[in-house]
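Hydrogens, waters and symmetry mates play no part in the numbers below; they use all other heavy atoms, side chains included.
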Amino acid sequence: MLKRGCLLSSTMEKIVAKLLVGNWKMNGVKLALQEADLIAAAAKTALGQSIQLAICPPATLLARLSEATAGTGLLTGAQDCHAKASGAHTGDISAAMVKDAGGHFVIVGHSERRADHGESSEMVRNKAQAALEAGLVPIVCVGETRAEREAGQAEAIVLSQVEGSVPETFPDGGLVIAYEPVWAIGTGLVPSAADVLAMHQAVHESLVSRFGAKGASIQILYGGSVNGQNAGDLLHLAHVDGALVGGASLTADGFLKILHAIQE
Ligand code: PEP
């Protein structure tokens with residue numbers, strides 16, 4: 001069992017203590033805004049404890065959710081954006097559209113998009129760049145498959161995704177990384193605390209070596225089957241600066257259980 005006390009992140013290096021982002025994926029119609037209202041009610045108190053909450057709903061709900069939660073402390077974001085600013089790209093949305101809809105974040109390079117839409121790290125980097133240019137904070141997702149972990153390649157794969165997906169320049173605090181092992185997403189499986197710690201440490205070191213002090217300030221979220229039971233242990237590990245949460249963020253009850261676990 002890892003000792004919590006010696007694993008706390010250094011507050012000297014990171015701007016906000018914890019960032020908790022809900023990714024609703026392709027779930028939710030207008031009725032789901034009621035869940036967001038309940039989450040928003042908790043957001044101000046959380047902010048007082050340096051815990052920032054955010055929800056990334058489906059694109060159809062982003063503007064309504066942003067309007068409904070404005071001023072509450074709950075931030076919003078999109079789950080993807082196109083790399084181009086405008087044009088003939090049927091079905092896509094641009095980073096400027098996300099911004100116009102009130103979004104603060106945009107998730108780029110989620111493993112479901114890398115798998116379902118063939119997104120390479122280069123494409124993800126271009127999307128992150130577009131997000132930065134629109135004044136959004138990209139949440140750049142990286143993570144190994146089960147086969148890659150079993151082959152002992154997890155760290156090499158993740159570091160190469162970080163290298164390929166993170167643009168060369170970004171403002172201080174203006175970019176977030178989410179480490180999400182593909183095999184842990186939606187499966188109820190979670191890596192050991194030692195494995196999460198080792199990967200976050202490796203990602204942090206690679207960012208410091210590439211970007212210096214600015215790299216040290218990049219928040220690194222963990223994602224993959226986070227819930228109220230495991231959040232307390234995972235989110236107190238060094239360089240685990242928050243969580244990207246799928247299934248457990250769909251209800252206020254599930255999401256706030258995670259918040260309460262990290263407030264303890
Ligand atoms: C995700 O898809 O970003 C995610 C972490 O999903 P879940 O929490 O459901 O594993």
Side-chain angles (χ1 to χ4, degrees), residues 14-16 19 21-25 52-67 69-70 74-114 116-143 159-180 203-204 206-221 223 241-242 244:
K14 304 283 167 88
I15 296 161
V16 177
L19 172 61
V21 181
N23 172 15
W24 282 4
K25 309 192 187 189
Q52 176 70 66
L53 302 184
I55 294 288
C56 299
T60 48
L61 291 180
L62 180 57
R64 288 184 69 144
L65 180 54
S66 302
E67 277 160 27
T69 59
L74 176 68
L75 297 176
T76 63
Q79 299 169 15
D80 180 48
C81 68
H82 199 279
K84 297 244 168 75
S86 62
H89 302 288
T90 303
D92 281 314
I93 56 172
S94 72
M97 290 169 184
V98 173
K99 183 81 179 165
D100 185 54
H104 178 86
F105 295 104
V106 59
I107 299 169
V108 291
H110 190 283
S111 61
E112 286 153 15
R113 292 209 58 92
R114 288 182 191 255
D116 296 354
H117 300 269
E119 292 188 5
S120 64
S121 287
E122 190 189 353
M123 290 162 76
V124 173
R125 183 192 191 112
N126 291 338
K127 287 176 179 226
Q129 187 63 48
L132 291 166
E133 282 162 16
L136 297 169
V137 175
I139 300 175
V140 179
C141 299
V142 295
L159 295 187
S160 109
Q161 289 177 345
V162 170
E163 170 75 24
S165 309
V166 175
E168 220 44 64
T169 54
F170 49 87
D172 268 336
L175 183 136
V176 175
I177 290 189
Y179 166 57
E180 302 202 301
V203 171
H204 174 75
S206 83
L207 293 168
V208 171
S209 115
R210 181 167 163 201
F211 298 111
K214 196 188 263 192
S217 74
I218 295 180
Q219 290 179 289
I220 309 168
L221 312 183
D241 303 304
L244 183 54

For Arg125, side-chain hydrogen bond (donor to acceptor under 3.5 Å, both in side chains) partners two or more places apart: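 Here the qualifying residues are Glu168.
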Residues which pass side-chain hydrogen bond (donor to acceptor under 3.5 Å, both in side chains) with His82, listed by chain and number, not counting sequence neighbours: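 His82 satisfies side-chain hydrogen bond (donor to acceptor under 3.5 Å, both in side chains) with His89 only.
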Donor on one side chain, acceptor on other, Thr76 and Ser66, under 3.5 Å: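 The criterion, which ignores hydrogens and geometry beyond distance, is satisfied for Ser66 and Thr76.
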Donor-acceptor pair between Ser165 and Arg114 side chains, under 3.5 angstrom: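 A donor-acceptor contact under 3.5 Å links the two side chains.
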Check: Val176 and Val140 side chains under 4.5 Å, non-hydrogen atoms: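 Val140 does not reach Val176 side chain to side chain.
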Check: Leu159 and Val203 side chains under 4.5 Å, non-hydrogen atoms: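 Answer yes - side chains close enough.
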Using a 3.5 Å distance criterion without hydrogens, assess whether the side chain of [X] forms a donor-acceptor pair with backbone atoms of [Y].
{"X": "Gln79", "Y": "Pro57", "result": "yes"}
{"X": "Glu180", "Y": "Val142", "result": "no"}
{"X": "Lys214", "Y": "Val208", "result": "no"}
{"X": "Asn126", "Y": "Ala83", "result": "no"}

So which atom in [X] and which in [Y] form the shortest heavy-atom distance, rounded to 0.1 Å?
{"X": "Ile55", "Y": "Leu65", "value": "CG2-CD2, 3.7 Å"}
{"X": "Phe105", "Y": "Ala54", "value": "CE1-CB, 3.7 Å"}
{"X": "Ser217", "Y": "Gly173", "value": "OG-N, 4.3 Å"}

Partners meeting salt bridge (Lys or Arg N to Asp or Glu O under 4.0 Å) with Glu119 (sequence neighbours left out):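 Per chain and number, Glu119 pairs via salt bridge (Lys or Arg N to Asp or Glu O under 4.0 Å) with Arg113, Lys127.
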Gln129: partners by side-chain contact (heavy atoms from CB on, under 4.5 Å), with sequence neighbours left out: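 With neighbours one apart ignored, the set is Glu133, Pro167.
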Partner set under side-chain contact (heavy atoms from CB on, under 4.5 Å) for Ser120, not counting sequence neighbours: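 Ser120 satisfies side-chain contact (heavy atoms from CB on, under 4.5 Å) with Glu122, Met123 only.
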Of all pairs that satisfy salt bridge (Lys or Arg N to Asp or Glu O under 4.0 Å), the ones with a partner from residues 98-112, not counting sequence neighbours: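 Passing the test, one end in residues 98-112: Lys25-Glu112.
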Qualifying residue, where the test is side chain to side chain contact (heavy atoms under 4.5 Å, CB included) with Ile107 and the options are Cys81, Pro138, Cys56: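 So, applying the side chain to side chain contact (heavy atoms under 4.5 Å, CB included) to Ile107 and each of Cys81, Pro138, Cys56, only Cys56 qualifies.
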